Structures are given as structure tokens and as C-alpha cells.
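Everything on this sheet refers to the single structure shown next.
This chain uses plain numbering: 1 for the first residue, then up along the sequence. All figures in this text were calculated on a predicted structure; none of them were measured in a lab.
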Amino acid sequence: MSTEPAAPAPPAEPEPVIPVGPDDQSSDYEDDSQSDTTSLTSSVTKYRFENGRRYHAYKDGAYWGPNDEPQNDQLDISHHMFTLLLENKLFLAPISSKPQRVLDVGTGTGIWALDFADEFPSAEVIGTDLSPIQPSFVAPNCKFEVDDACAEWTYAPDSFDFVHVRALYGSVANWPAFYTEAFKHIKPGGWIEQLEMSIEFKSDDGTVTNDHIFSVWSRTFIEAGEMFGKTFRIADLAKGYIIGAGFDEVVEKKFKLPVGGWSSDPKYKELGRWNLLHCEQGIEGWAMALLTRVMGWKYTEVQAFLGLMRAGLRNRNTHAYYNVTVVYGRKPLENKAE
């Protein structure tokens with residue numbers, strides 16, 4: 001048997017150009033859019049309230065996103081949007097048909113974990129997050145824990161068949177260490193999968209110019225992430241880090257996700273409408289803490305910036321999209337380092 005390593009797969013290319021539809025004004029969405037694992041104690045629910053938004057208490061300040069109802073609605077909208085993007089699949093990795101133990105890192109509202117537990121009753125599904133915002137009454141094969149995935153993991157080594165990660169951009173200071181922990185705790189033959197959004201808005205027809213509000217937004221938050229010490233560029237870096245951690249059979253897939261229902265393609269049109277709702281629901285929460293705490297902006301400056309962004313989102317003459325990247329890989333059946 002040859003011991004030479006397989007040639008690396010070429011980088012994934014985004015999908016083809018998204019077709020632009022006629023400039024109809026009938027879109028419903030456009031028109032309508034005006035440590036150790038910690039138990040649930042009072043300490044983790046003493047939330048920080050700031051600039052009209054609510055933030056996590058456990059590891060206060062480690063994450064910039066609010067955990068209040070408006071932002072939780074955005075998380076649930078994104079779950080529906082990503083499920084549509086993946087053609088009604090919760091994941092793409094070729095995992096076992098009967099996984100036994102699954103970890104959902106940064107579970108948010110827990111909606112992915114709950115759907116996975118329903119689809120795979122054989123599995124014990126654990127969802128972890130800094131915020132205890134998940135429902136109390138869940139399926140018997142699903143549970144939630146308040147935990148910091150950036151710290152040393154407290155589970156037994158080789159204990160998970162599948163580790164799922166989604167939308168942790170700007171949340172992790174040391175990604176190689178994170179993937180090392182994941183590798184250590186996944187069973188030989190088990191899988192990791194990560195879905196991440198790029199925050200760089202693009203267009204195929206030049207309607208997103210360098211001075212467009214979308215371009216300004218992208219540059220602002222890339223800079224904020226670097227100042228915060230937690231990059232927003234993980235969609236472009238994940239594949240290399242996952243390979244570096246020791247996973248093999250690594251696959252990277254890139255998708256275009258339009259903003260708004262401007263495409264003539266029915267799938268892209270539906271995705272774009274959901275993404276417009278997702279962005280309008282989410283932008284204040286994405287922006288407020290990073291721009292005030294990290295970039296030193298005033299509240300009124302943030303609101304003015306958000307006003308420009310909302311106008312940009314609703315402009316059907318801008319045919320914007322951003323890339324969504326899915327990377328999955330398998331832990332070798334035998335540890336090659338041994």
C-alpha cells in the first residue's frame with residue numbers, strides 16, 4: 001500500500017453567476033421589511049444590558065452578539081435559510097446513519113441540535129453555548145450545557161461521532177487550538193463539519209462598488225474582528241486549519257447567498273428573501289457591541305451606520321451576495337502521529 005499522501009484537493013470555487021431577475025416590486029419581504037461546564041445558576045443569567053440590548057453573563061464580553069429575543073429570532077431565521085441552502089439537509093458530511101454522540105458547538109437557540117436529535121433518535125446530542133437561551137423541554141436525546149468551547153474541553157477523548165460548528169466567525173481567538181480540541185474529542189472515523197459566512201459582500205455585475213455601504217460594512221467588521229482578536233475571516237481559513245489539526249478526507253464547498261429577492265432563479269430568489277430578513281433582523285446585534293466596545297463609536301453613530309445599511313439592503317438595483325463555506329473532515333481511523 002502506498003504511503004504517499006494524497007494530492008491536496010483544489011480550493012472550492014463559488015457557484016456560477018446568479019441570474020438577475022426583472023426589477024419587480026412585488027417581493028413580500030422587501031415590502032414588509034420596515035472553563036468547566038456551568039450549571040444553570042443565577043450567575044449565568046445575570047445578563048449585561050447595554051445600548052438597549054441583552055448580552056451573555058458567563059465569560060462576559062467574550063462574544064459580541066446579543067442573546068435577546070430579536071437576535072434569537074435572527075438565529076432561527078438563519079437556521080431555516082441554511083437548511084434551504086443545503087437543500088433541506090442539516091449537514092453535508094457523510095456521517096454514520098446511526099451516530100451515537102454528537103456535539104453542536106455554539107448552539108445558540110439550540111434549533112440545529114433539536115432538529116438533529118429528532119432526525120437521529122439513536123444519537124445523544126449535546127449543544128453548548130455561553131448563553132442558556134435554549135428551550136427547557138426538549139427530546140430525551142438532546143441536552144444543553146453552558147460552556148466555553150474556546151477553553152479546554154471537559155469531555156472524554158474520542159467521545160463524539162460528529163462535531164458540528166456553525167457561524168462562529170468573530171468568536172474564537174485561537175482557531176488551531178479549537179480544532180486540536182475537536183480532533184482530540186472526536187472518535188477515530190468521526191467527522192467535524194463547519195459552516196461559516198463570509199462578511200465580504202460581492203456582486204457579479206459590479207453593483208457592489210468599493211465605496212458601496214456593503215463594502216464599507218465588510219471592511220469595518222474585518223477590522224473590528226482583528227482589533228478584537230477574533231477574526232471574521234474563518235470562512236476562508238477553516239479548511240487549512242482543519243487539515244492542520246490532523247483531519248483527512250477534508251472537503252470544502254462554497255455557495256453564493258444573495259441578499260434580497262433580485263434573482264430570476266427561483267431558488268436564489270427564495271434564499272435572497274430569507275437572507276434579507278436575516279440581515280435586517282440581525283444587523284443591529286451584529287454591530288452594536290463591536291462598534292461601541294471595540295471601535296469606540298457612539299450609539300448615535302452606530303444607528304446612523306445601520307440606517308445606511310438598511311437602505312442598501314432594500315435597494316433592488318444592488319445585486320449583492322456573500323459566500324457561505326462548508327468544510328468537513330474525518331478523523332483518521334488510526335492516529336498517524338502515533
Side-chain angles (χ1 to χ4, degrees), residues 1-12 35-37 86 89-107 112-129 139-145 147-168 171-172 174-196 234-235 237-253 325-338:
M1 180 180 296
S2 173
T3 59
E4 295 184 5
S35 89
D36 286 341
T37 301
L86 301 185
K89 298 174 184 175
L90 293 174
F91 58 90
L92 298 180
I95 69 171
S96 162
S97 60
K98 291 188 176 181
Q100 298 302 302
R101 212 152 179 252
V102 175
L103 179 65
D104 184 31
V105 180
T107 194
W112 184 94
L114 290 166
D115 281 357
F116 190 97
D118 183 61
E119 186 173 332
F120 293 92
S122 66
E124 175 196 3
V125 184
I126 301 172
T128 64
D129 202 277
N141 64 325
C142 184
K143 66 178 181 179
F144 298 109
E145 298 174 350
D147 196 14
D148 179 9
C150 297
E152 184 175 349
W153 293 15
T154 58
Y155 307 104
D158 300 336
S159 58
F160 292 105
D161 299 285
F162 186 36
V163 169
H164 176 258
V165 183
R166 186 168 74 183
L168 285 191
S171 304
V172 177
N174 189 339
W175 278 107
F178 175 91
Y179 293 121
T180 296
E181 287 295 305
F183 187 88
K184 176 182 177 182
H185 292 88
I186 292 174
K187 298 176 184 177
W191 294 84
I192 185 172
E193 177 166 313
Q194 183 166 1
L195 182 153
E196 292 292 344
I234 189 57
L237 303 173
K239 180 183 177 183
Y241 285 152
I242 288 173
I243 292 172
F247 292 94
D248 62 15
E249 301 183 36
V250 176
V251 174
E252 178 185 58
K253 295 183 180 291
T325 301
V326 177
V327 182
Y328 56 85
R330 181 173 178 260
K331 181 173 179 176
L333 288 171
E334 294 182 1
N335 191 338
K336 295 177 183 178
E338 294 180 350

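For the pair Y241/I234, a side-chain contact is recorded, criterion being any heavy-atom separation below 4.5 Å from C-beta on. Annotation: side chain of D158 is in contact with side chain of K331 (closest heavy-atom distance under 4.5 Å). Side-chain contact check for W175 versus L237: every heavy-atom pair is 4.5 Å or farther apart. At least one side-chain heavy atom of V105 sits less than 4.5 Å from a side-chain heavy atom of W153. Contact check for F160 versus P99: no side-chain heavy atoms found under the 4.5 Å cut-off. Between D147 and Y155, some side-chain heavy-atom pair lies under the 4.5 Å cut-off.
A distance below 6.0 Å separates the ring centres of F116 and F91.
For E249 (side chain) and R330 (main-chain N/O), no donor-acceptor pair under 3.5 Å exists by modelled atom type. A donor-acceptor pair under 3.5 Å is absent between the side-chain atoms of K239 and the main chain of E252, judged by distance alone. For the pair E124 (side chain) and Q100 (backbone), a donor-acceptor distance under 3.5 Å is absent. Proximity of a side-chain donor or acceptor of T107 to a complementary backbone N or O of T128 within less than 3.5 Å is not detected. E193 places a side-chain N or O within 3.5 Å of a backbone atom of L92 that can act as its donor or acceptor partner. Formation of a donor-acceptor pair under 3.5 Å by the D148 side chain with backbone atoms of C150 is found in this model.
The only option from I126, L114, V102, D115 that meets the side chain to side chain contact (heavy atoms under 4.5 Å, CB included) definition with C142 turns out to be L114.
Residues A177 and N174 approach most closely at N-OD1, 3.0 Å, considering heavy atoms.
Applying the salt bridge (Lys or Arg N to Asp or Glu O under 4.0 Å) test to residues at least two apart or on different chains, the pairs with a partner in residues 181-191 are D161-K187.
Side-chain atoms of Q194 and Y179 include a donor-acceptor pair closer than 3.5 Å.
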